**Student:** 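Let me give you the structure first, and then I'll get to my questions.
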Amino acid sequence: MTTVQDTPVGRRLRHIKYIIIVCSGKGGVGKSSVSAQLALSLHASSPTARVGILDVDLTGPSIPRMLGLDGHPVHQSSDGWVPVYADGSEARLACMSVGFLLKKKEDSVVWRGPKKNAMIRQFLSDVRWGELDYLVIDTPPGTSLRTLSVFMSDEVMNLSGTSDEHLSLIEHMAPVHDKLSAVIVTTPQAVALLDAMKCLSFTRTVNLPVLGLIENMSGYVCPCCGEISNIFSTGGGQEMARREGLKFLGSLPVDTELVTLLDAAEGSDNTTGNGESKSFEILERYRKTSTAPLFAKIAEEIVRTLDSAATSGSDPVQA
């Protein structure tokens with residue numbers, strides 16, 4: 001059974017069952033859209049599943065827009081920051097991002113390392129997540145130390161070739177190390193795969209279990225006939241997973257319906273005039289995309305792996 005150290009982060013996250021870090025070796029591979037889909041799919045996996053999504057891409061927060069939450073304020077309570085709930089009064093999909101704290105969504109975040117570090121620490125120790133089955137963390141591109149330091153022990157603090165954000169995550173989340181696992185996102189091209197290998201190397205260095213690899217943008221779905229064309233290439237991620245002994249979670253094509261949905265998502269009040277909960281609009285629309293059933297299988301595999309590891313007392317996947 002996981003032993004949670006008595007630290008502010010440990011106390012705050014002690015009631016979270018699984019923490020899934022979504023990472024990539026480079027930008028532009030669709031990591032944030034994968035994070036958003038993972039949160040939506042986990043939410044839909046069970047009528048009682050409670051999911052949180054934490055956006056620690058401080059200089060490029062995109063999760064609020066993708067979930068239709070742009071412009072929503074973050075409220076302070078006596079027990080910390082209250083996350084924004086994408087599903088309204090149902091309160092089963094909680095979201096936190098620096099995007100909620102900006103005066104204007106187009107404002108840039110120009111912070112030095114110590115302020116980034118303090119912001120990540122505050123997200124982990126001050127947000128009132130409550131009891132969650134899953135916390136999905138959308139990290140910045142690359143293997144920056146500021147991000148991953150919240151997750152691991154002090155013995156990895158002297159790593160070189162990594163930057164601030166990942167190190168900060170490793171540092172702060174060391175008390176809940178046993179709850180952590182990662183999903184690596186890549187595209188099929190050779191350049192992206194080289195950077196994905198660096199990401200994998202980093203997870204092995206810091207002893208972060210990897211649930212598997214997702215090959216994103218693997219082909220293009222025609223919006224008229226549904227046929228998939230390989231406009232880039234395909235199979236590179238699957239071959240990398242085979243070669244490195246990783247679980248291949250699946251391939252996701254470029255889906256214009258999904259792109260339109262996540263780009264044009266608008267905030268809405270998910271309650272009726274008498275306070276009753278309305279349908280979770282973005283989830284209902286997401287379920288109609290051609291990508292949704294593909295990702296549902298990925299989410300099912302992730303849940304199966306996590307539950308199996310919890311039952312056996314082993315790591316989800318040996319990194």
Side-chain angles (χ1 to χ4, degrees), residues 20-42 44-45 57 60 62-63 65-66 136 138-143 182-203 210-265 282-283 285-305 317:
I20 305 170
I21 305 159
V22 181
C23 53
S24 66
K26 69 185 283 92
V29 300
K31 171 183 52 58
S32 292
S33 68
V34 167
S35 297
Q37 291 181 82
L38 179 56
L40 290 170
S41 299
L42 290 172
S45 67
D57 191 348
S62 51
I63 295 299
R65 177 59 182 261
M66 290 183 175
V136 177
D138 182 35
T139 64
T143 54
V183 169
I184 297 176
V185 181
T186 186
T187 52
Q189 302 97 314
V191 172
L193 291 168
L194 284 173
D195 288 327
M197 278 300 303
K198 295 174 185 176
C199 187
L200 175 61
S201 174
F202 187 76
T203 62
V210 178
L211 293 168
L213 184 142
I214 294 174
E215 182 179 286
N216 200 24
M217 304 183 193
S218 180
Y220 165 75
V221 179
C222 175
C224 299
C225 67
E227 182 179 349
I228 298 178
S229 303
N230 296 320
I231 56 175
F232 298 123
S233 60
T234 188
Q238 187 170 12
E239 172 57 24
M240 173 184 161
R242 184 199 63 77
R243 186 177 65 248
E244 297 299 325
L246 294 175
K247 182 175 294 185
F248 183 66
L249 293 172
S251 300
L252 299 173
V254 177
D255 181 355
T256 56
E257 290 179 302
L258 177 68
V259 172
T260 301
L261 172 63
L262 297 183
D263 274 356
I282 191 169
L283 179 58
R285 293 174 60 193
Y286 173 64
R287 283 172 169 166
K288 296 176 182 177
T289 67
S290 58
T291 304
L294 299 177
F295 211 104
K297 294 179 181 178
I298 292 175
E300 287 172 7
E301 182 58 33
I302 288 174
V303 171
R304 187 181 305 113
T305 301
V317 175

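The shown structure was predicted, so the numbers you read here are calculated from the model rather than taken from an experiment.
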**Student:** Please list, chain by chain and in numerical order, all residues satisfying side-chain hydrogen bond (donor to acceptor under 3.5 Å, both in side chains) with S62, sequence neighbours excluded.
**Tutor:**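 S32.
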**Student:** At what distance, to the nearest 0.5 angstrom, does CG of L261 lie from OH of Y286?
**Tutor:**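 Here the rounded value is 9.0 Å.
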**Student:** Begin with the C-alpha distance, continue with both residues' side-chain angles, and end with the deciding distance and a verdict on side chain to side chain contact (heavy atoms under 4.5 Å, CB included) for N216 and S33.
**Tutor:** CA-CA 10 Å; N216 200 24; S33 68; 4.1 Å; yes
**Student:** Given side chains that start at C-beta, do those of L200 and M240 come closer than 4.5 Å, heavy atoms only?
**Tutor:**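 Heavy-atom side-chain distance check passes, below 4.5 Å.
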**Student:** Output all residues satisfying side chain to side chain contact (heavy atoms under 4.5 Å, CB included) with A44, sequence neighbours left out; order by chain, then residue number.
**Tutor:**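 So A44 forms a side chain to side chain contact (heavy atoms under 4.5 Å, CB included) with L283, R287.
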**Student:** Check whether any side-chain heavy atom of E215 sits under 4.5 Å from a side-chain heavy atom of T234, and report yes or no.
**Tutor:**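 Sidechains of T234 and E215: in contact.
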**Student:** Suppose we screen for side chain to side chain contact (heavy atoms under 4.5 Å, CB included). Which residues come up paired with T187, at least two apart in sequence or across chains?
**Tutor:**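 Result, side chain to side chain contact (heavy atoms under 4.5 Å, CB included) vs T187: V29, Q189, A192, M217.
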**Student:** Identify, with sequence neighbours excluded, every residue that meets side chain to side chain contact (heavy atoms under 4.5 Å, CB included) alongside E257.
**Tutor:**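 If we apply the side chain to side chain contact (heavy atoms under 4.5 Å, CB included) test to E257, skipping adjacent residues, the hits are D255, T289, S290.
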**Student:** With a 3.5 Å cut-off and sequence neighbours excluded, list the donor-acceptor pairs that the side chains of residues 297-304 form with protein atoms.
**Tutor:**
unit_1 : atom_1 : unit_2 : atom_2 : d
E301   : OE1    : R304   : NH1    : 2.3
E301   : OE2    : K247   : NZ     : 2.8
E301   : OE2    : T305   : OG1    : 3.4

**Student:** Which value, rounded to the nearest 0.5 Å, describes the distance between L262 atom CG and R65 atom CZ?
**Tutor:**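 Those atoms lie 10.0 Å apart.
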**Student:** Salt bridge (charged side-chain N to carboxylate O under 4.0 Å, His left out) with D57: which residues, sequence neighbours excluded?
**Tutor:**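 Result, salt bridge (charged side-chain N to carboxylate O under 4.0 Å, His left out) vs D57: none returned.
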**Student:** Report yes or no: does T139 contribute a side-chain atom to a donor-acceptor pair with the main-chain N or O of V22 at less than 3.5 Å?
**Tutor:**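 Pair found, side chain donor or acceptor close to backbone of V22.
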